[in-house]
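Shown next, in structure tokens, is the structure this report addresses.
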Amino acid sequence: MAEAFAAIPCAQLPALLAAMPKAELHMHIEGSLEPEMIFALAQRNSVTLPYPSVEALRAAYAFTDLQSFLDIYYAGASVLLTEQDFYDMAWAYLQRAAADHVVRAELFFDPQTHTARGVPMQTVILGLSRACRDAQAQLGVSAALILCFLRHLSEDEALQTLQDALPWRDHFIGVGLDSSEVGHPPEKFQRVFARARDMGLHVVAHAGEEAPPEYIRQALDLLKVQRIDHGVQAVRDKGLMQRLARERMPLTVCPLSNQKLQVFPDLRDHPLKALLDAGLCATVNSDDPAYFGGYVNDNLRAMFAASNMDARHAWQLAANSIDASFAPPADKAAWRAQLDECFTEAAAPGAA
Ligand SMILES: Nc1ncnc2[nH]cnc12
Ligand SMILES: [Zn+2]
């Protein structure tokens with residue numbers, strides 16, 4: 001691929017970023033609820049919102065940190081009541097993903113946000129799962145679910161949530177850890193992650209979004225995760241950077257999220273290029289696209305506009321995302337071949 005990279009002019013990069021096949025590995029499906037859909041579902045379900053209009057809600061999306069976002073995000077999710085609501089939300093996202101040439105989407109969902117309001121686990125999982133099935137059949141997008149534990153709640157509650165989800169074990173492929181990070185270190189969840197691993201579930205965790213590199217080390221050593229979600233605070237620890245590169249541990253980085261939550265308020269200061277150049281398996285993702293100003297291609301476009309990354313970085317990001325996914329190996333091989341074809345064609349149009 002080396003000659004192909006050199007032959008691709010910078011002007012062609014935006015089109016290539018949009019068209020290249022990619023996996024999205026870090027997106028919270030509740031974070032894909034656009035304000036218009038929040039209002040439509042509120043009306044359908046007779047839920048009263050603390051905002052008078054779509055515009056007023058959107059105007060409240062001025063976040064100072066992770067917690068200021070989470071408060072609004074959990075309020076937005078309160079309109080989800082029926083299986084059809086969960087289906088509609090996921091289907092809307094999956095259509096957007098298909099338009100962005102996402103070939104594989106691994107969707108986080110937060111069951112505790114819903115069961116605490118009296119929505120049955122079955123309603124949540126079956127609605128989301130049906131949308132994933134339809135995405136494969138109708139959009140050609142491979143989609144899977146990852147059940148996240150809310151880290152501001154106790155480990156006992158996480159254990160109970162895993163237990164409650166077991167009748168639908170075949171509908172999700174793994175577990176994750178999200179919500180308020182600082183003060184809720186990975187070590188708090190060692191038993192529930194051990195149980196999930198014993199069940200053959202994949203394991204991932206948010207670590208090093210706002211909290212120090214020690215949280216990333218704990219996620220690796222105590223939770224034995226297969227991917228780190230965010231992980232950007234690793235740039236503060238040279239030894240950890242070397243370890244993440246050596247172990248090819250995937251980091252699911254979310255640039256617009258980091259910008260909106262003031263982790264890196266200016267994308268020109270974002271460490272994505274540094275992570276890639278240091279040999280880390282970084283990927284680009286949207287986190288909560290309805291809240292942070294864009295879907296996965298918007299994240300790629302913004303990041304490349306703010307840095308001097310080139311075609312090699314673009315290819316590497318897409319290749320990393322496919323390699324780091326939990327899709328079957330045969331699917332991953334097919335997508336990697338499509339990716340190389342895409343770049344070869346960009347370098348020498350019509351030559352293939
Ligand atoms: N960026 C984020 N960090 C932690 N928890 C989340 N839940 C939704 N988005 C999140
Ligand atoms: Zn996240």
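This structure is a prediction, so every number in the text was calculated from the model and none was measured. Note that ligands are numbered from 1 as they come in the structure, with each ligand's atoms numbered from 1 the same way.
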Measure the distances from the heavy atoms of Phe108 to every atom of ligand 1 and state whether one is below 4.0 angstrom.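 Under 4.0 Å: no for Phe108.
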Are any of the heavy atoms in Leu70 under 4.0 Å away from ligand 1? yes
Between [X] and [Y], what is the ring plane arrangement, given parallel below 30°, perpendicular above 60°, and tilted in between?
X: His28; Y: Phe108; answer: tilted
X: Phe69; Y: Phe292; answer: tilted
X: Tyr291; Y: Tyr61; answer: tilted

Identity and distance of the protein heavy atom lying nearest [atom]:
atom: atom 1 (N) of ligand 1; value: Asp287 OD2, 2.7 Å
atom: atom 10 (C) of ligand 1; value: His28 NE2, 3.5 Å
atom: atom 9 (N) of ligand 1; value: Asp288 OD2, 2.6 Å

Does Gln43 have more than 12 heavy atoms from other residues, nucleotides or ligands lying within 6.0 Å of its CD?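 Atom CD in Gln43 is not crowded, with 12 or fewer foreign heavy atoms closer than 6.0 Å.
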Counting only heavy atoms from other residues, nucleotides and ligands, does the tally under 6.0 Å from CZ of Arg195 exceed 12? no
Between Asp156 and Arg191, is the closest basic N to carboxylate O distance under 4.0 Å?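 Yes, Arg191 and Asp156 are salt-bridged.
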Charged N to carboxylate O below 4.0 Å: is that the case for Asp100 and Lys22? no
Just wondering, is there an N, O or S atom on [X] that's nearer than 2.8 Å to the Zn ion (ligand 2)?
X: His28; value: yes
X: Asp288; value: no
X: His206; value: yes

N/O to N/O below 3.5 Å, does that happen between Glu209 and ligand 1?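 By distance alone, the answer is yes.
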Ser179 versus ligand 1: do any nitrogen or oxygen atoms come within less than 3.5 Å of each other? yes
Tell me whether Glu24 contacts the main-chain N or O of Arg104 through its side chain, where contact means a donor paired with an acceptor under 3.5 Å. no
Has Gln226 got a side-chain atom pairing as donor or acceptor with Val204's backbone, closer than 3.5 angstrom? no
Check His230 against ligand 1 and report side chain, backbone, both or neither, counting heavy atoms closer than 4.0 Å. side chain
Heavy-atom distances under 4.0 Å are what count here, so tell me which part of Leu66 touches ligand 1: side chain, backbone, both or neither.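 Answer for Leu66: side chain.
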Subset of ligand 1 atoms that lie under 4.0 Å from at least one heavy atom of Phe69: 8 (C), 9 (N)
Which N, O or S atom of Asp287 lies nearest to the Zn ion (ligand 2), by name: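 Nearest N/O/S atom of Asp287: OD1.
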